[in-house]
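Below is one structure, written out as structure tokens, with a few remarks after it.
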Amino acid sequence: MISIERIRKDFPILGREVYGKPLVYLDNAATTQKPQCVIDAISEAYCNENANVHRGIHFLSQQATDMMEAAREKVRQFIGAGSTEEIIFTRGTTESMNLLASSFAAAFLKEGDEIIISGMEHHSNIVPWQIQAQRYGFKIRIIPVTDLGELDMDAFRALLNPKTKLVSITHVSNVLGTVNPVSGIIGLAHSHGIPVAVDGAQSVPHIKVNVQELGADFYAFSGHKIYGPTGIGVLYGRKELMEKMPPYQGGGEMIKRVTFEKTTYNELPYRFEAGTPDYVGSIALGTALDYVQEIGMEQIAAYEKELCAYALSLLGEIPGMRFIGNAPERSAVISFLVGNIHPSDMGTLLDRLGIAVRTGHHCAEPLMDRMGIPGTVRASFSFYNTKAEIDALKAGIERVRAMF
């Protein structure tokens, strides 16, 4: 059982006020707040273990290296990867997807090939593929989204063909909250010999993920969305595929030997980690993963599901409320519009009441076009949120609605 009162004390920022009102932070899909233990881990690393990793024979360098590699092992265990060789540290999901698109395309894609993404993807799982498609001449095919906000699985089956070389799909929509059937998607793709990449930015913080059980060939997520620091993320890649992919960037660490005539590349995972890595970020990410595991991902998922159901029921009582996306399988995200009130107006006025929500297209413009709207108001939840905060959100929406 999650003790919300105890947990909230772990997050210093949750005790502050905004415009003289208690902060109600409901923008967790954009970034989560940080527990004191993560803040302390960052400070501790800079105060006591700061030295460049993998390069020094002195004590501090070896200590920092050991701590960074221990964090890599924590990530491996957390997502159920088979080897730390398959865990690449990046700056976040966006860099992970850019790395994947660049290196996978260079190794496996050519003119006339096809990849499949969906109509609910974040821009970071659209634009990198468009850049590579312009370079190599492959085509991007789109899985349609239904009115409920689910993927059209019949259409997906019809898209699979001998030209398909990759499926790249979001696990959980950052707009709709829809939890996609990635296990089934992976099974279908694999039956055609097609690898699958998964954008896990919105899934890893909320549900237990095991990449081997899912069968994912690639899986990406960001540290800052799972209570870790900004500027650190992960790309999991199946070793057999990653070994065939060229480096994403060149420089130190990703090499074995450099001459002016030829360079030989380092082994995994270092081949994809050019330059000085954010070793402090990786250490603090490991601390964040320890923190959520201590609470328990199953308990987190159950509580957030309860919180989301409460919010849907309560907000549904508001006249003119329109939820964008009504998939039965959903995570801790609710997007909505109220009457003819513009999302920016709603968000701005809620902010004056101390309620932080996100407004706009949420880096998913094609999905907004599909739904025929310019944007939404998005409330997204964490295990440190309370039903009282959802009550405050409802009261705030009704107050804004009365003004219009």
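In this chain, numbering begins with 1 at the start of the sequence shown.
- A donor-acceptor pair shorter than 3.5 Å can be found between the side chains of Ser118 and Glu121.
- Side-chain contact between Gln77 and Lys74 is absent, with no heavy atoms from C-beta onward closer than 4.5 Å.
- One finds the CG atom of Asn326 at 8.0 Å from the CG atom of Leu312 (value rounded to the nearest 0.5 Å).
- Remark: Glu329 CD is loosely packed, at most 12 non-hydrogen atoms of other residues, nucleotides or ligands lying under 6.0 Å away.
- More than 12 heavy atoms of other residues, nucleotides or ligands lie within 6.0 Å of CZ in Arg8, so this atom counts as buried by the packing criterion.
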For this session: Could you walk me through whether His361 and His123 pass the ring-ring contact (aromatic ring centres under 6.0 Å, His included) test, one step at a time?
Result: CA-CA 10 Å; His361 55 64; His123 293 168; 5.6 Å; yes

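- Remark: side-chain polar atoms of Ser335 are not paired, donor with acceptor, to backbone N or O of Arg378 under 3.5 angstrom.
- In this structure, Asn180 contributes its side chain and Val182 its backbone to no donor-acceptor pair below 3.5 Å.
- For Glu294, the CD atom sits in a loose shell: 12 or fewer heavy atoms of surrounding residues, nucleotides or ligands are nearer than 6.0 Å.
- Side-chain atoms of His54 and Tyr279 include no donor-acceptor pair closer than 3.5 Å.
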For this session: Verify ring-ring contact (aromatic ring centres under 6.0 Å, His included) between Phe383 and Tyr227, making sure each step is shown before the conclusion.
Result: CA-CA 11 Å; Phe383 57 77; Tyr227 314 100; 4.8 Å; yes

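- Here the straight-line distance linking atom CG of Asn385 with atom OH of Tyr310 works out to 13.0 Å at 0.5 Å rounding.
- Once rounded to the nearest 0.5 Å, the distance linking CG of Leu151 with CE of Met120 reads 4.0 Å.
- For Glu5, the CD atom is loosely surrounded, since the number of other residues' heavy atoms within 6.0 Å does not exceed 12.
- No more than 12 heavy atoms of other residues, nucleotides or ligands lie within 6.0 Å of CG in Asn340, so this atom counts as exposed by the packing criterion.
- Rounded to the nearest 0.5 Å, atoms CG (Asn52) and CD (Glu253) are 8.5 Å apart.
- The one candidate from Met346, Arg358, His342 that meets the side-chain contact (heavy atoms from CB on, under 4.5 Å) condition with Val377 is Met346.
- Using modelled atom types, one side-chain atom of Asp217 and one backbone atom of Val196 make a donor-acceptor pair closer than 3.5 Å.
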Exercise. After noting the C-alpha distance and the side-chain angles of Glu273 and Arg72, does the key distance pass the salt bridge (charged side-chain N to carboxylate O under 4.0 Å, His left out) rule?
Worked result: CA-CA 13 Å; Glu273 294 180 351; Arg72 198 188 304 273; 2.8 Å; yes

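- Counting only N and O atoms by type, the side chains of Tyr384 and Asn28 include a donor and acceptor under 3.5 Å apart.
- A donor and an acceptor atom, one from each side chain of His362 and Thr376, are located under 3.5 Å apart.
- In the displayed structure, Lys21 atom NZ is contacted under 6.0 Å by more than 12 heavy atoms of other residues, nucleotides or ligands.
- With a 6.0 Å radius and a threshold of 12 heavy atoms from other residues, nucleotides or ligands, Glu298 has its CD atom above the threshold.
- Within a 6.0 Å radius of NZ in Lys305, other residues, nucleotides and ligands contribute 12 heavy atoms or fewer.
- A distance of 5.5 Å separates CD1 in Ile116 from CZ in Phe156, rounded to the nearest 0.5 Å.
- Using the six-membered ring where Trp is involved, Phe104 and Phe108 have ring planes that are tilted, between 30° and 60° apart.
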